[in-house]
Protein chains: 2
Amino acid sequence: MINPSTDRLRSQGYRMTPQRLVILSILENAGRHLSPQEIFERCRQALPGMTEATVYRTLNFLTEQGLVLPAHIGSGQLVYEIASHEHHHLICRACGETREVDHALLQSLYQQFQVSTGYRIDSMHVTFFGLCPACQNTVVA
Amino acid sequence: MINPSTDRLRSQGYRMTPQRLVILSILENAGRHLSPQEIFERCRQALPGMTEATVYRTLNFLTEQGLVLPAHIGSGQLVYEIASHEHHHLICRACGETREVDHALLQSLYQQFQVSTGYRIDSMHVTFFGLCPACQNTVVA
DNA sequence: ATAAATGCAAATAGTTTGCATGCCC
DNA sequence: GGGCATGCAAACTATTTGCATTTAT
C-alpha cells in the first residue's frame, strides 16, 4: 500500500496524479477550508503548469471520492477542506475568524428534527454566523 | 400611509417603484424562496422591459432595507424570500422538497454555542439537508 | 497499450458596473 | 426640479466543457 488516498482511488479504477497529491497535501496542511483560488495559487508553487480547470475538476473529483468536503460559507462560494473528523463552522461576521464546532453539539438538534418532521438529517456541514467574543465589544450591532 | 414597505423606503429617502413593488409582490405570493432567475422570469410577465441587472440591484437593495432575506441553499447560489417570520430550511436532497423549521428549535443550540464558545450567534438563516420521509423509503443511502 | 487525466482555450453562468435616460416625490 | 432608479450594454468573476495530448497503471 502506497498511501490510503492512492489506494482508495486505484481500487476504483482511478489514478493518483501529482496534481491530486498536491491538492490533498495542501488541504491537509492548511488545517482549514480553502477556496478554489487559494488552492490554485498554492498549487502553482509546486506545479507551475497547473491550471484552474484542473483545480476545479480535481476538487469535484475528490469530493465525489469522499476525500475532501465542500462547505458553504459567506458570499455563496464553495470552499474545501480535507475529509477527516466531522465538524461544522462558526464564523465571526465582523472579523471573519472561523471556529470549528464539533458534530456532537448538533446531534440533539438532529434528533429533534427527526421527531418533529420525520426528516433524516445528513447535512455533512453547516455554517453558523455570529460575533466572536472579541468583536462583541468593538462592533455596534 | 400607502403601504408599510413604501413608507419604510420613503422614510429613508428612497423611492417605491413599479419594479420594487413587483418583486415584493412576487416574493409575498411565492411563499417560498426564489432564485434571481425565477424572480426575473416572473417579473417579465408583469413588466416586460425589466432587466436582470435591475433584479439583482433591487434584491440587494431590498435586502439592505430588511424587506427581503437572502438564504444559501445547495449549489452555492443565493435565493431570496420575503422578510416575515424567522425560520430556517430543511431540504430533501433526493426530491428537493423544502420544509420550514421554526426558529425556536434552534434557540437551545444557540444557547449551547454561546456557553461553550463565547460566540453570540445571529445567523438569520440556516439550511439543513436530509431525506424527507417519502424519500427515505425509495432512495438508497 | 489503453483508458484516465491534464492543459489549453473557449464557452457558459451568474452577477456587477458605467453611463445616459427616465421617473418618483 | 433634483436626485434616485432603471435600461442597456459591457465588463467581470467563477466555473465548466471540448478536444488534442500526455501519463499512470
Side-chain angles (χ1 to χ4, degrees), chain A residues 1-3 5-24 26 33-65 67-68 70-80, chain B residues 1-3 5-24 26 33-65 67-68 70-80:
Chain A
M1 106 119 128
I2 304 199
N3 83 41
S5 306
T6 301
D7 290 343
R8 178 109 150 242
L9 296 190
R10 289 191 185 163
S11 69
Q12 308 283 330
Y14 300 112
R15 298 170 188 173
M16 182 52 82
T17 64
Q19 292 83 351
R20 289 174 180 176
L21 269 177
V22 164
I23 288 186
L24 285 171
I26 285 170
H33 49 233
L34 296 175
S35 69
Q37 278 69 230
E38 288 174 309
I39 294 167
F40 173 64
E41 284 155 21
R42 299 186 188 200
C43 278
R44 299 209 60 141
Q45 293 169 19
L47 297 173
M50 198 156 169
T51 60
E52 278 166 305
T54 299
V55 172
Y56 282 105
R57 262 187 303 222
T58 302
L59 289 172
N60 285 335
F61 172 80
L62 294 176
T63 298
E64 282 167 17
Q65 300 308 311
L67 295 174
V68 306
H72 293 279
I73 59 169
S75 75
Q77 291 169 227
L78 281 180
V79 292
Y80 294 84
Chain B
M1 106 117 128
I2 304 196
N3 83 42
S5 306
T6 301
D7 290 345
R8 180 110 149 239
L9 296 190
R10 289 190 185 166
S11 69
Q12 307 283 328
Y14 299 113
R15 297 171 190 171
M16 182 52 81
T17 65
Q19 291 84 350
R20 291 175 178 174
L21 269 177
V22 164
I23 288 186
L24 285 171
I26 285 171
H33 49 232
L34 296 176
S35 69
Q37 277 69 230
E38 288 174 310
I39 294 167
F40 174 63
E41 284 154 21
R42 299 186 189 200
C43 278
R44 299 208 62 140
Q45 293 169 19
L47 297 173
M50 198 155 171
T51 61
E52 278 166 306
T54 299
V55 171
Y56 283 106
R57 262 188 302 224
T58 302
L59 288 172
N60 284 335
F61 171 81
L62 294 175
T63 298
E64 281 167 18
Q65 301 309 310
L67 295 175
V68 306
H72 293 278
I73 60 167
S75 75
Q77 290 169 227
L78 281 180
V79 293
Y80 294 84

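Convention: sequence-line order gives letters A, B, ...; per-chain numbering from 1.
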For this session: Establish, with yes or no, whether the OP1 or OP2 oxygen of C:dG7 is under 4.0 angstrom from a side-chain nitrogen or oxygen of A:Gln19.
Result: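 A:Gln19 to C:dG7 OP1/OP2: side-chain N or O found under 4.0 Å.
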
Heavy-atom pair of closest approach, residues B:Gln65 and B:Arg8: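 Minimum heavy-atom separation between B:Gln65 and B:Arg8: O-NH2, 3.3 Å.
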
Looking only at non-hydrogen atoms, find the nearest pair between A:Glu38 and A:Ser35 and report the distance.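 It is OE1-N, 2.8 Å.
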
How many Å lie between [atom1] on [X] and [atom2] on [N], as a whole number?
X: B:Arg20; N: C:dC24; atom1: CZ; atom2: C1'; answer: 10 Å
X: B:Leu9; N: C:dC25; atom1: CG; atom2: C1'; answer: 13 Å
X: B:Gln65; N: D:dC4; atom1: CD; atom2: P; answer: 13 Å
X: B:Phe61; N: D:dA5; atom1: CZ; atom2: C1'; answer: 9 Å
X: A:Arg57; N: C:dA10; atom1: CZ; atom2: P; answer: 16 Å
X: A:Tyr56; N: C:dT6; atom1: OH; atom2: C1'; answer: 17 Å
X: B:Leu59; N: D:dT6; atom1: CG; atom2: C1'; answer: 15 Å
X: B:Gln12; N: C:dC25; atom1: CD; atom2: P; answer: 15 Å

Want to settle it: does B:Asn60 or A:Thr58 sit nearer the 5' end of DNA chain C, counting the closest nucleotide to each?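 Its nucleotide being nearer the 5' end, the pick is A:Thr58.
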
Among residues at least two apart in sequence or on other chains, which ones pass side-chain contact (heavy atoms from CB on, under 4.5 Å) with A:Leu21?
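Once residues adjacent in sequence are excluded, the partners of A:Leu21 under the side-chain contact (heavy atoms from CB on, under 4.5 Å) criterion are A:Asn3, A:Met16.
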
- Taking side-chain contact (heavy atoms from CB on, under 4.5 Å) as the test, write out the residues that go with B:Glu64, two or more places apart.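 Residues passing side-chain contact (heavy atoms from CB on, under 4.5 Å) with B:Glu64: none at all.
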
How long is the span from the OH atom in B:Tyr80 to the CG atom in B:Leu34, to the nearest 0.5 Å?
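If we round to the nearest 0.5 Å, B:Tyr80:OH and B:Leu34:CG are 12.0 Å apart.
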
- Starting at CG of B:Leu24, measure out to OG of B:Ser5 and round the result to the nearest 0.5 Å.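 So the gap between those two atoms works out to 5.0 Å.
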
Please tabulate, one pair per line, all N/O donor-acceptor pairs under 3.5 Å involving side-chain atoms of residues 52-59 of chain A, not counting sequence neighbours.
from    : atom 1 : to      : atom 2 : distance (Å)
A:Thr54 : OG1    : A:Thr51 : OG1    : 3.1
A:Tyr56 : OH     : A:Gln37 : OE1    : 2.9
A:Thr58 : OG1    : A:Thr54 : O      : 2.6

Could you list the donor-acceptor pairs under 3.5 angstrom formed between side-chain atoms of residues 40-50 of chain B and any protein atom two or more places apart in sequence or on another chain?
from    : atom 1 : to      : atom 2 : distance (Å)
B:Arg44 : NE     : B:Pro48 : O      : 3.3
B:Arg44 : NH2    : B:Pro48 : O      : 2.6

> For the side chain of A:Arg20 and the backbone of A:Arg15, is there at least one donor-acceptor N/O pair under 3.5 Å apart?
Replying inline: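 Yes.
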
message: Can you list, in residue-number order, the parts of residues 36-55 of chain B that come under 4.0 Å of DNA chain C, counting heavy atoms only?
response: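 Result for residues 36-55 of chain B: B:Pro36, B:Gln37, B:Ala53, sorted by number.
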
Contact string for nucleotides 20-25 of chain D, one letter per nucleotide 5' to 3', B = base within protein heavy-atom range under 4.0 Å, S = sugar-phosphate only, - = neither, reads ---BBS

